[in-house]
Amino acid sequence: MPDLICRGLPDTDSRLFDAIIGIFPSAFSTGSCGMKILILEDNAILAQGLRSVIEEAGYSVDLLMDGGQAIAWLKTGQYDLLMLDLGLPGMDGIEILRYLRRRNNPIPVIIITARDRLDQRISGLEEGADDYLCKPFSLEEVVARVRAVIRRSRSFSDNRLKNGDLELCLASRTLTLKGDEVTLHRRELAVLEYLLLNRGRLLSKDQVADSIASFEQDVSAGAIETYVSRIRKKLGSAAAIRTVRGLGYLMDNLD
C-alpha cells in the first residue's frame, strides 16, 4: 500500500487495509475519469469506502489522510471537487476551507464529518462549503451528492455532456453518436470527457494527462497521444479534436 494512504495511521489499521486490498484488489484500483476528486479523510475504512464507490461511478480519485499535506496537493493538483473531513490531523478541515476561500480558490467542497450540531454545519457552509454530509451516511448518497455539486459548479442542467452528434451520459458512463452507443476504453472515455468539459479551450497534453492521473498511476503525454488517436479513429470527424502543434489539443464547440 502506498505510504500516502497509511501515513499517520496506527499499524493495525494499515495491516487491516493490506488485508482488505489483498482480498478485493479490484475494489481499490484507481479509476479514470475526466473529473478528478481529492478526498481528505483520516478514518481509514471510510476513506477507502468513499474512494471505491466514487471510482466505481467513473471519477478519478486521490486520497490523503493528513490535513498538513492538503495545501500542497491542492496547489499542484488539478481537482474538480474536494471531499473534506473536518477532524483531520495536521490541519483542521475548517482551516483548509478558509485557506482556499481566502485565496479565492473556487473548488467545490463537500464536508464529511461527525460534527452534526446545527451551528457546526452552518459554520462550515458559511466558510464556503458547497454541501455537508454528517456521518454515518450511505455511500450511495455520496455519489449523488458528488454529481449534484459538480453539476452545479459547471452549470450543467443534467448529467449529460453534448457536442454536435456526441452525447456522454455521466451517470451511466455511456457515449452515443447520433443515438448509437459507441464503446471506448475507460481512459479513452476519460480523455474525451475532459475535452468535452473544456471544449473551445486549448489544453496541453500535460493538462489532459493530469486530469486522469493519480498518486499511484502517472499518465504520460505519449499515452494521451495514443488515446486521442484511438478516439479519432472510433468517432471520425464527430470527435472534433484538433491538434495545435507544440501546444496541445482543442475540441471545437459544435453546439
Side-chain angles (χ1 to χ4, degrees), residues 1-10 13-14 17 28 30-52 54-55 59-115 120-135 137 142 145-146 149-150 152-154 194 197-198 203-204 206-219:
M1 177 177 296
D3 290 341
L4 281 169
I5 293 178
C6 296
R7 191 172 297 147
L9 295 175
D13 280 346
S14 297
F17 276 155
F28 300 100
T30 301
S32 182
C33 176
M35 295 188 193
K36 193 170 179 180
I37 295 172
L38 177 63
I39 298 175
L40 281 170
E41 168 60 61
D42 68 334
N43 180 297
I45 300 299
L46 175 58
Q48 290 289 15
L50 287 168
R51 180 181 186 178
S52 180
I54 292 172
E55 285 182 344
Y59 297 95
S60 181
V61 177
D62 281 340
L63 173 61
L64 281 177
M65 296 185 176
D66 186 344
Q69 300 173 340
I71 300 303
W73 280 104
L74 287 164
K75 283 181 177 178
T76 58
Q78 184 178 321
Y79 297 104
D80 297 282
L81 177 73
L82 170 63
M83 300 197 70
L84 179 64
D85 183 24
L86 294 185
L88 292 166
M91 188 175 186
D92 185 81
I94 287 292
E95 293 179 48
I96 294 171
L97 183 57
R98 285 174 183 157
Y99 178 92
L100 293 171
R101 296 311 188 226
R102 287 173 182 173
R103 286 157 180 79
N104 297 316
N105 187 321
I107 183 173
V109 176
I110 297 178
I111 288 177
I112 43 177
T113 184
R115 302 179 191 176
Q120 293 171 330
R121 296 200 301 272
I122 291 174
S123 174
L125 293 169
E126 288 185 342
E127 290 291 347
D130 297 88
D131 203 350
Y132 212 110
L133 279 168
C134 289
K135 304 172 188 177
F137 48 75
V142 171
R145 297 286 188 105
V146 165
V149 170
I150 290 178
R152 289 198 302 269
S153 71
R154 293 184 176 264
Y194 188 68
L197 287 166
N198 293 280
L203 302 169
S204 70
D206 286 340
Q207 281 179 296
V208 181
D210 187 59
S211 75
I212 66 173
S214 70
F215 291 154
E216 293 89 357
Q217 291 185 335
D218 287 332
V219 179

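It should be emphasised that the depicted structure is a prediction, and the values quoted were computed from it without experimental measurement.
- Asp62 approaches Tyr79 most closely through the heavy-atom pair OD2-OH, 2.7 Å.
- When the side-chain contact (heavy atoms from CB on, under 4.5 Å) test is applied to Gln78, the partners found at least two apart in sequence or on another chain are Tyr194, Gln207, Asp210, Ser211.
- The two atoms that bring Met65 and Ala44 nearest to each other are CE-CA, 3.8 Å, heavy atoms only.
- Of the inter-residue distances, the one linking Leu100 atom CG with Glu127 atom CD reads 11.5 Å to the nearest 0.5 angstrom.
- To the nearest 0.5 Å, atom NZ of residue Lys36 and atom CD1 of residue Ile212 are 9.5 Å apart.
- Under the 3.5 Å distance criterion, the side-chain polar atoms of Thr76 are matched with a main-chain donor or acceptor of Ala72.
- Under 4.0 Å is where a charged nitrogen must lie from a carboxylate oxygen, and between Asp130 and Arg101 at least one such pair does.
- Between Tyr132 and Thr113, some side-chain heavy-atom pair lies under the 4.5 Å cut-off.
- Checked for salt-bridge contact, Asp131 and Arg145 meet the test: a charged N lies under 4.0 Å from a carboxylate O.
- A distance of 7.5 Å separates CG of Leu84 from CD1 of Ile94, quoted to the nearest 0.5 Å.
- Taking the side chain as every heavy atom from C-beta outward, Leu81 and Met83 approach each other to under 4.5 Å.
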Criterion salt bridge (Lys or Arg N to Asp or Glu O under 4.0 Å) on Lys135 and Glu41, from CA distance to verdict: CA-CA 12 Å; Lys135 304 172 188 177; Glu41 168 60 61; 3.3 Å; yes

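- Side chains of Asp85 and Asn43 form no contact here, defined as non-hydrogen atoms less than 4.5 Å apart.
- Looking only at side-chain heavy atoms (C-beta outward), Asp80 and Tyr59 stay at 4.5 Å or farther from each other.
- Side-chain contact between Ile39 and Leu64 is absent, with no heavy atoms from C-beta onward closer than 4.5 Å.
- Side-chain contact check for Ile96 versus Leu88: some heavy-atom pair is nearer than 4.5 Å.
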Tabulate below the donor-acceptor pairs under 3.5 Å that side-chain atoms of residues 103-112 make, not counting sequence neighbours, or state none.
| residue | atom | partner | partner atom | Å |
| --- | --- | --- | --- | --- |
| Arg103 | NH1 | Tyr99 | O | 3.3 |
| Asn105 | OD1 | Ile107 | N | 3.0 |

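- The two atoms that bring Leu97 and Ala129 nearest to each other are CD2-N, 3.7 Å, heavy atoms only.
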